[in-house]
Amino acid sequence: MQHFAIVTFGCQMNQHDSDRIGEVLRGAGLSEVSEPEAADFVLLNTCSVREKAEQKLRSEVGRLGVLKRERPGLVIGVAGCVAQQEGERLMKRLPQIDLMIGPDNIPELPALLADCVAGGPPRVRTEFDVEAPSFLAHSIAYGPSAGRAPSAFVTVMKGCNERCSFCIVPYTRGPERYRPAHEILDEIAQLTEAGVREVTLLGQTVNSYSDPAGLFAPPVLEGAGKWQGAGEWQGAGEWQHTEHERARADESEFPELLRAIARRAPGLARLRYTSPHPRHLTRSLIRAHAELGVLCRHVHMPVQSGSDRMLKRMIRRYTAAEYLERVTALKAAVPGLTLSTDIIVGFPGESRSDFEATLDLVERAGFVGVFAFKYSQRPFTPALKLGDDVSEAEKSARLAELFEVSNAQRHTHLNSLQGSEVEVLVEGRGKAGQWGGRSERNEIVHFASPYELLGRLVRVRVLRANKNSLFGELADAISDAEPLSTTVSSELGEPAAAKPLRRLPLSPV
Ligand code: SAM
């Protein structure tokens with residue numbers, strides 16, 4: 001067993017898991033190949049949040065099954081949410097699979113693989129590490145000096161306690177478990193020392209974070225009666241609370257974590273997080289945004305619907321007005337901050353007027369990016385009881401209408417940047433050789449330069465707005481960079497991204 005390949009479906013969390021799986025396998029002496037055809041072990045890392053990704057897995061297993069008939073020694077593994085959700089049932093239906101591994105069992109992979117190669121039976125390992133949660137850190141070979149992108153994801157929590165009625169995540173990723181703050185701070189400090197300039201904190205409800213080791217434990221306050229304990233929605237009540245009472249109104253210690261990162265890693269240029277839950281967008285978090293220069297002026301805040309009736313059925317625990325009140329306060333505290341969101345169309349019972357409330361909210365919030373999905377029924381979820389009464393044709397029509405509105409808003413925003421200068425963290429080169437990266441506000445920016453700029457923060461003058469990105473020219477005089485050996489086209493349209501840019505765009509998790 002020498003070569004492995006990982007095929008990833010789904011969200012950034014899955015991509016992050018794939019990166020960790022790769023590190024574990026390399027640590028066990030295997031080397032990675034990009035094509036499954038050249039591998040002895042192919043691992044399909046899956047997502048089951050929406051139905052489509054699951055269908056992709058089935059067709060990929062079928063394709064690999066043909067390869068396995070030619071090469072019986074090929075080992076096929078399935079990791080991630082589908083493995084967790086389906087386990088042995090899927091193995092019975094797809095006997096080509098040799099091993100299945102849940103998100104919490106990644107460290108066991110080399111031993112399971114060795115067992116498999118030695119002729120052991122098919123194995124399924126999908127236990128949640130609820131008792132003693134562990135979090136795999138990045139290997140140190142990271143950042144531009146290792147030829148890698150200058151940005152990294154850092155997991156701060158896993159699982160989800162929200163129980164939104166449409167969502168399978170609590171069943172595939174288990175209950176919320178938080179990573180000790182000292183581990184997060186150490187990892188970020190090591191990454192910045194290795195040249196990483198941008199860190200994105202990762203978690204399903206990332207802003208519900210609290211440190212299990214108690215680093216940020218608030219002082220015990222006398223005589224206050226509002227504290228409701230874990231996960232209790234306070235409605236507008238929290239919003240009126242004074243700073244002194246903050247810790248009682250929302251138990252999240254996320255703002256404290258952000259402040260601690262800013263102190264511990266002064267070399268970090270940009271800090272982002274995904275995905276937050278609107279009910280933990282507290283005044284304290286807004287204040288952190290206003291005070292910490294390292295926090296990027298872009299937030300991805302899933303709203304799911306603009307209709308209170310739908311939000312209630314989705315068990316989101318906020319109203320459209322509360323969502324708007326909070327993001328409006330955030331925008332007021334951080335001038336120029338941009339917002340993006342996730343939206344589900346065609347949730348059971350969604351009428352035309354519910355959908356119009358969503359369109360209205362999209363306009364009022366001024367989102368510059370919308371990740372929208374047609375509702376699909378997922379196993380185990382409470383919404384199964386509500387049926388699936390919006391037709392496929394109606395879901396497609398609403399999705400198209402929503403994209404029309406949100407694309408127009410993004411285009412207006414991108415056009416407004418023509419002639420301005422944006423600071424770009426250079427993440428990699430596109431197929432035509434031009435550089436690409438993101439601005440602080442998450443706009444994708446391409447420009448041409450004959451210099452080696454990977455990992456640098458440069459100023460780019462915006463010449464034109466494409467459909468989803470900006471194109472510009474270097475505004476900085478570059479005197480200390482190596483010239484590139486390949487030529488770069490200076491006039492480009494919207495290019496296909498090369499490998500280092502695969503992390504764009506930010507969301508959804
Ligand atoms: N943490 C996020 C939140 O606050 O809701 C959830 C992340 S989920 C993995 C990514 C997105 O997938 C969700 O925000 C939602 O828009 C979409 N999604 C989840 N379940 C879905 C379903 N059953 N059908 C369609 N879209 C779904």
Side-chain angles (χ1 to χ4, degrees), residues 9-14 47-57 59 81 164-169 274-275 277-278 299-316 318 320 323-324 327 338-379 381-384 386-414 442 444 466-469 494 504-509:
F9 307 104
C11 67
Q12 285 159 341
M13 195 159 283
N14 273 38
C47 169
S48 59
V49 166
R50 291 171 294 275
E51 208 174 5
K52 238 183 184 164
E54 215 179 309
Q55 288 162 355
K56 267 202 243 163
L57 168 75
S59 73
C81 296
C164 301
S165 62
F166 53 81
C167 192
I168 199 172
V169 167
T274 194
S275 275
H277 192 289
V299 170
H300 181 80
M301 184 68 67
V303 67
Q304 312 301 357
S305 173
S307 152
D308 286 347
R309 202 170 70 85
M310 290 299 106
L311 288 170
K312 202 162 191 183
R313 298 189 118 204
M314 290 175 169
I315 320 184
R316 287 295 288 182
Y318 52 82
Y323 180 93
L324 278 173
V327 294
T338 56
L339 288 172
S340 58
T341 200
D342 290 351
I343 287 174
I344 297 177
V345 299
F347 188 72
E350 187 188 68
S351 64
R352 177 72 207 172
S353 68
D354 292 316
F355 176 63
E356 280 170 7
T358 298
L359 293 180
D360 182 55
L361 183 135
V362 167
E363 282 179 31
R364 289 171 66 190
F367 297 122
V368 298
V370 170
F371 296 81
F373 312 98
K374 291 190 262 185
Y375 171 70
S376 57
Q377 289 187 307
R378 306 312 299 128
T381 55
L384 280 176
L386 302 174
D388 191 8
D389 58 354
V390 181
S391 71
E392 195 52 30
E394 187 56 36
K395 284 179 189 170
S396 301
R398 288 181 192 174
L399 195 68
E401 200 175 338
L402 175 56
F403 280 140
E404 206 174 300
V405 171
S406 63
N407 286 345
Q409 285 182 197
R410 182 172 54 251
H411 207 57
T412 304
H413 169 68
L414 292 177
N442 212 35
I444 299 169
N466 293 324
K467 195 169 161 224
N468 294 312
S469 65
E494 191 129 37
L504 308 179
L506 178 77
S507 198
V509 160

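Quick note: numbers below take in every heavy atom, side chains included, and nothing from hydrogens, waters or symmetry partners.
No side-chain donor-acceptor contact under 3.5 Å links Arg313 to the backbone of Leu386. A donor-acceptor contact shorter than 3.5 Å links the side chain of Tyr323 to the backbone of Met301. Judged by distance alone, the side chain of Thr358 and the main-chain N or O of Gly306 form a donor-acceptor pair under 3.5 Å. Under a 3.5 Å cut-off, the side chain of Ser469 and the backbone N or O of Asn466 do not form any donor-acceptor pair. Of the possible donor and acceptor atoms, one in the side chain of Asp354 sits under 3.5 Å from a partner among the backbone N and O of Ser351.
For Arg316 and Asp308, the salt-bridge test fails: no basic side-chain N is under 4.0 Å from an acidic carboxylate O. Salt bridge present: Arg398 and Glu350 bring a charged side-chain N and a carboxylate O closer than 4.0 Å.
Looking only at atom types and distance, the side chain of His300 has a donor-acceptor partner in the side chain of Ser340 under 3.5 Å away. No side-chain N or O of Ser307 forms a donor-acceptor pair with one of Ser305 less than 3.5 Å apart.
Interatomic distance, CZ of Phe371 versus CZ of Phe403, reported as 9.0 Å (0.5 Å rounding). Separating the OG1 atom in Thr341 from the CD atom in Gln304 is a distance of 7.0 Å, to the nearest 0.5 Å. Note: Met314 CE to Leu311 CG = 6.5 Å, rounded to the nearest 0.5 Å. Rounding to the nearest 0.5 Å places CD of Gln409 at 8.5 Å from CZ of Phe367. Summarising the geometry, atom CG belonging to Leu402 is positioned 5.0 Å from atom CZ belonging to Phe355; distances are rounded to the nearest 0.5 Å. Remark: Gln12 CD to Cys47 SG distance equals 11.5 Å, nearest 0.5 Å.
Taking Ser396 as the reference, Lys374 meet the side chain to side chain donor-acceptor pair (under 3.5 Å) condition, with sequence neighbours excluded. Listed by chain and residue number, nothing satisfies the side chain to side chain donor-acceptor pair (under 3.5 Å) test with Asp389 (two or more places apart in sequence, or in another chain).
Between Pro278 and Pro302, the shortest heavy-atom contact is CG-O, 3.3 Å. Pairing each heavy atom of Asn14 with each of Phe9, the nearest pair is ND2-O, 3.0 Å.
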For side chain to side chain contact (heavy atoms under 4.5 Å, CB included), just list the numbers for Tyr375 and Val345, CA-CA rounded to whole Å, side-chain angles, deciding distance to a tenth of an Å, and then say yes or no. CA-CA 6 Å; Tyr375 171 70; Val345 299; over 6 Å; no

Run the side chain to side chain contact (heavy atoms under 4.5 Å, CB included) test on Glu404 and Glu401 for me, step by step, so that the C-alpha distance in whole Å, both residues' side-chain angles and the decisive distance to 0.1 Å come before the verdict. CA-CA 5 Å; Glu404 206 174 300; Glu401 200 175 338; 5.6 Å; no

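Under the 4.5 Å side-chain criterion, counting only non-hydrogen atoms from C-beta, Asp342 is not in contact with Val303. Residues Ile315 and Cys164 are not in side-chain contact: their nearest non-hydrogen atoms beyond the backbone lie 4.5 Å or more apart. Side-chain atoms of Thr338 and Arg410, non-hydrogen and from C-beta on, never get closer than 4.5 Å to each other. Inter-residue side-chain proximity for Val49 and Val169 is flagged as met; some heavy-atom pair is nearer than 4.5 Å.
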